[in-house]
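Below: one structure, written as structure tokens.
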Amino acid sequence: MSGHSKWSTIKSQKGVADAKKGKLFTKLGQAITLAARQGGGDPASNSSLRLAIDKAKQFNMPKDNIERAIARGIGVGGAVNLEEIVYEAYGPGGVAFIISCITDNRNRTASEVKHILTKYGGRLAESNSVRWQFKAKAVIQLAAPQGQERESLELGLIELGIDDLREEGGQLIIYTPPSDLERIKQFIESRGFPIVYTAIELVSDNPIDISDGTIQRQLDQLKEELDNLDEVDNIFTNEK
């Protein structure tokens, strides 16, 4: 199963530079605002808002910022013109991209995304020509336990019917159907293991391995430039 999104590669970096943190909080706030605008400001009845708030908390976004983002979404202080746009694309080496954006200017965002893709030899793709390669998965991450604790936790997770789990950089990453997210979270927390990251992400069941160093550098640069756009909320690829 392929690696997950840009967010999960930085979730455990506690010392994010101030400039990066400001951009990160902007993106997190936009996601909260959009979720509140679409489903209301109560996270108890709006699962998308609840997930967006959880992600913001995982990145230590201040409570006041979260509350202001919710208020904007429900129209406090005036209407907010934000929408989600999802672009499908191909990058260097034929790597498939799903680029999720939150924007108040559809034309500007489309132009910026297309410009960056073209710069690195990529291109936008037709609707649904890429999306079929991905499935929505709940992703849960925690520090990997050791010894008998690890064995007991993994056995319990397998019994609960998770799709997959693996270890990466000392972190245990669990994949499960989105509908099972809360149930799996509660099980892990009941065992006393703090969760550091949860999200619903698009994951490829057939990742491709990039062995060419030049193509890999181009992919890394492409993803970095896309992520630097304020409007880009998430980037998913089928890269192994």
Side-chain angles (χ1 to χ4, degrees), residues 4-87 98-113 116 136-142 178-179 181-182 184-186 188-189 194-202 223-236:
H4 40 302
S5 78
K6 173 71 175 180
W7 291 109
S8 58
T9 67
I10 62 173
K11 77 286 154 197
S12 60
Q13 296 177 6
K14 304 301 183 183
V16 179
D18 288 343
K20 290 283 189 180
K21 187 176 291 185
K23 185 179 288 289
L24 177 60
F25 286 172
T26 295
K27 291 172 181 279
L28 293 167
Q30 288 175 335
I32 292 170
T33 296
L34 182 64
R37 179 172 179 254
Q38 293 177 332
D42 183 3
S45 58
N46 183 345
S47 60
S48 295
L49 178 59
R50 185 167 62 249
L51 276 171
I53 292 172
D54 285 347
K55 181 182 284 187
K57 290 179 177 178
Q58 290 158 11
F59 287 94
N60 299 315
M61 186 172 176
K63 181 180 178 182
D64 287 349
N65 293 40
I66 294 173
E67 292 176 348
R68 284 196 297 269
I70 295 173
R72 286 195 299 271
I74 60 176
V76 176
V80 176
N81 183 32
L82 286 177
E83 62 176 324
E84 182 181 23
I85 306 172
V86 179
Y87 298 101
I98 301 288
I99 305 163
S100 172
C101 301
I102 298 175
T103 182
D104 61 358
N105 188 321
R106 175 185 288 262
N107 291 335
R108 183 193 64 224
T109 301
S111 177
E112 290 175 338
V113 169
I116 293 173
K137 301 281 186 181
V139 180
I140 305 171
Q141 188 164 333
L142 63 149
S179 58
L181 175 58
E182 291 300 322
I184 301 300
K185 278 178 59 181
Q186 290 173 10
I188 294 169
E189 290 170 342
I195 292 171
V196 299
Y197 178 85
T198 59
I200 304 297
E201 299 188 350
L202 296 178
K223 287 183 283 187
E224 186 66 27
E225 286 206 32
L226 286 171
D227 190 60
N228 281 336
L229 291 178
D230 287 341
E231 295 89 349
V232 172
D233 181 50
N234 241 324
I235 304 164
F236 305 102

State whether the side chain of Thr109 and the backbone N or O of Asn105 hold a donor-acceptor pair below 3.5 Å, judged by distance alone.
yes

For Pro178 versus Ala136, what's the shortest heavy-atom pair and its separation?
CD-O, 3.5 Å

Do you know the tightest heavy-atom contact between Pro43 and Leu49?
N-CD2, 3.8 Å

For the backbone of Leu82 and the side chain of Arg37, can you confirm whether one donor and one acceptor N or O come within less than 3.5 Å of each other?
yes

Gln58 vs Asp54, side chain to side chain contact (heavy atoms under 4.5 Å, CB included): CA-CA, chis, key distance, verdict:
CA-CA 6 Å; Gln58 290 158 11; Asp54 285 347; 4.1 Å; yes

Can we say Lys27 and Asp230 salt-bridge, meaning some charged N sits less than 4.0 Å from an Asp/Glu carboxylate O?
no

Distance from Ile66 atom CD1 to Lys57 atom NZ, nearest 0.5 Å?
6.0 Å

To check you understand the geometry: which heavy-atom pair defines the closest contact between Ala31 and Asp233, and what is its length?
CB-OD1, 4.0 Å

Test Ile188 against Lys185 for side chain to side chain contact (heavy atoms under 4.5 Å, CB included), laying out the working first.
CA-CA 5 Å; Ile188 294 169; Lys185 278 178 59 181; 6.0 Å; no

Take Arg50 and Asp42 through the salt bridge (Lys or Arg N to Asp or Glu O under 4.0 Å) test and state the conclusion after the steps.
CA-CA 8 Å; Arg50 185 167 62 249; Asp42 183 3; over 6 Å; no

Taking the side chain as every heavy atom from C-beta outward, state whether Glu231 and Ile102 have any atom pair closer than 4.5 Å.
no

Worked check of side chain to side chain contact (heavy atoms under 4.5 Å, CB included) between Tyr197 and Leu142:
CA-CA 7 Å; Tyr197 178 85; Leu142 63 149; over 6 Å; no

From Asp104 CG over to Arg106 CZ, what is the distance, rounded to the nearest 0.5 angstrom?
12.0 Å

Hey, does the side chain of Lys137 reach the backbone of Leu202 with a donor-acceptor pair shorter than 3.5 angstrom?
no

Counting N and O atoms only, with roles assigned by atom type, does the side chain of Thr33 sit under 3.5 Å from a partner on the main chain of Ile70, one being a donor and the other an acceptor?
no

Can you see which heavy atom on Ile200 is nearest to which on Leu51, and at what distance?
CG1-CD1, 3.4 Å

Which atom names give the shortest non-hydrogen contact between Leu24 and Phe59, and what distance separates them?
CD2-CD2, 3.5 Å

Between Glu84 and Ser100, does any side-chain donor sit less than 3.5 Å from a side-chain acceptor?
yes

Option from Leu229, Thr103, Val113 for which side-chain contact (heavy atoms from CB on, under 4.5 Å) with Arg108 holds:
Thr103

CA sep, side-chain torsions, deciding dist, call: Gln141, Thr198, side chain to side chain contact (heavy atoms under 4.5 Å, CB included)
CA-CA 6 Å; Gln141 188 164 333; Thr198 59; over 6 Å; no

Reported CG-to-CG distance for the pair Asn60 and Asn65, which is rounded to 0.5 angstrom
11.5 Å

Nearest 0.5 Å please: distance from the CD atom of Glu182 over to the CD atom of Glu189.
8.5 Å

Over all heavy atoms of both residues, which pair between Ile235 and Lys223 is shortest? Give the atoms and the distance, please.
CD1-O, 3.5 Å

CD of Glu67 to CZ of Arg72, rounded to nearest 0.5 Å, is 12.0 Å

